[in-house]
Amino acid sequence: MVSLKIVLCVLGAVGFCALAEHSSSEISVPSKRIVIAVGTLLDGKGRVLHDTRIVIEGSKIIAIDPKAAPVDYDLRGLTVLPGWIDAHVHITWSFGPDGKNAYQGAPTQFLANVAASNAYLTLMAGFTTVQSLGSAADVPLRDAVARGELPGPRILTSVEPLTGKGEATGTPEEIRAYIRKQKEAGADVIKIFASGGMTAGTMTMSQEQLNAACDEARKLGLRSLVHAFRDAVRGAILAVCSEVEHGLDASDDDLKLMAEKGIPIDPQAGLLLETYIRYKAKYVTEGPYFTEAAFEKLPEIKTAHQDFIKRAAKVPGLKIVYGTDAVAGAHGSNAEDFIHRVSDCGIDPMSAMVSANSLNAEAMKMSDQIGSIATGLQADIIALDDDPLKDITAVRRVVFVMKGGVVYKNISRGDRK
């Protein structure tokens, strides 16, 4: 049986050999009872608990009991909270062998190897669930993680997005057929492009087409996430989508209407734009999106996104979830958007934490499974070597990661197992 440590070190998952507590080719959920001692606990819903203990059996939390014993993991002196959820990533996107942005343009084995590394880095950063929006390559990775063959976050995927061009172009019925095809291919959620990119974000689908896409998703029991800028945001709202991605330049009236209808919005605070800027040489092309001229506008666009979040945060009742749009070069840095939200957008630190916990779980219809530390939920638990409510940069210092009752990282200051 091949050691999982060896596989991941070959794949480039740096640090795995030193941190992982499991080395079989399949990661099994421990059957014994586990007790975690906690000094400070953020429960994922906005409450802070002190001096308590979390009791776990199998993959789930069975009690919050300050008297539970014996203690298996002593996390006192750290800040403990639910594993974070990233509502928008591209977990299989990578740079190719030539160093350029590959998307799916590199050899299959290379992409599979890097995807496994991306998943590992994301989990080690404290993200125990992600929503990956836009690649059929997500499916085998999702399934391998679910089977316990690879360490990574729980993955939900849209498979192929509806782009309004190519195979997906056509009548409302043809669009409905395309949505059904994604369901058959294993989609957990439907991703719909209702507009172009950040700088050319006019609506690219008719209202009738967008209505058909969102309606068909509902009929299939799937959520619809709509990539929308400017006027396309109103179109997504009228189509009764499940969530608006990005939303830049949406009007105040649109934001108020979203709040009234309970539709969450998923804006990005800086990581995405900083990734493009940092890896400009890897991204710049002659194509429509990553030209030299486009890169000159990125600092300005980053500021526009942050100003948009400031404006959205002022709308009463608007649900602002946490999604980074992590692309090649950003995996494992998903927590950086917390810092941007708090430092650059003026978001309250607790609200930032909740956005990636219970609020995201609610938006994903998974509140009964993840998003908070409570009896009956999955034992997705992380610990930070500082208090993010006092110093938001603490999100960079994840020292303990448990997902579904399995410990993947433990470099805490407390007693170890």
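At distances below 3.5 Å, at least one donor-acceptor pair connects side-chain atoms of T303 with backbone N or O atoms of P299.
Across all their heavy atoms, L318 and A312 have their closest contact at CD2-O, 3.6 Å. Across all their heavy atoms, V55 and R33 have their closest contact at CG1-NE, 3.6 Å. The shortest non-hydrogen separation linking D43 to R47 is OD2-NE, 2.7 Å.
With rounding to the nearest 0.5 Å, the separation of CG in L248 from CG in D307 is 9.5 Å.
Between W93 and H90, the ring planes lie parallel to each other; the angle is under 30°, not in the 30° to 60° tilted range.
Under the ring-ring contact (aromatic ring centres under 6.0 Å, His included) criterion, H340 pairs with no residue at all, not counting sequence neighbours. Residues that satisfy the side chain to side chain donor-acceptor pair (under 3.5 Å) test with E336, not counting sequence neighbours, are R396. T129 meets the side chain to side chain donor-acceptor pair (under 3.5 Å) test with R154; sequence neighbours excluded. Partners of S132 according to the side chain to side chain donor-acceptor pair (under 3.5 Å) rule, which considers only residues two or more places apart in sequence or in another chain, are D138.
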Only distances under 3.5 Å count here; give the side-chain donor-acceptor pairs of residues 364-378 to other protein atoms, sequence neighbours excluded, each with its distance to 0.1 Å.
from : atom 1 : to   : atom 2 : distance (Å)
S367 : OG     : E362 : N      : 3.3

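Centroid-to-centroid, the aromatic rings of Y283 and F95 come within less than 6.0 Å.
Under 4.0 Å is where a charged nitrogen must lie from a carboxylate oxygen, and between K302 and D344 no such pair does.
Within 6.0 Å of NZ in K45 there are 12 or fewer heavy atoms belonging to other residues, nucleotides or ligands.
Screening residues 309-337 for ring-ring contact (aromatic ring centres under 6.0 Å, His included) gives Y322-F338 as the qualifying pairs, with residues at least two apart or on separate chains.
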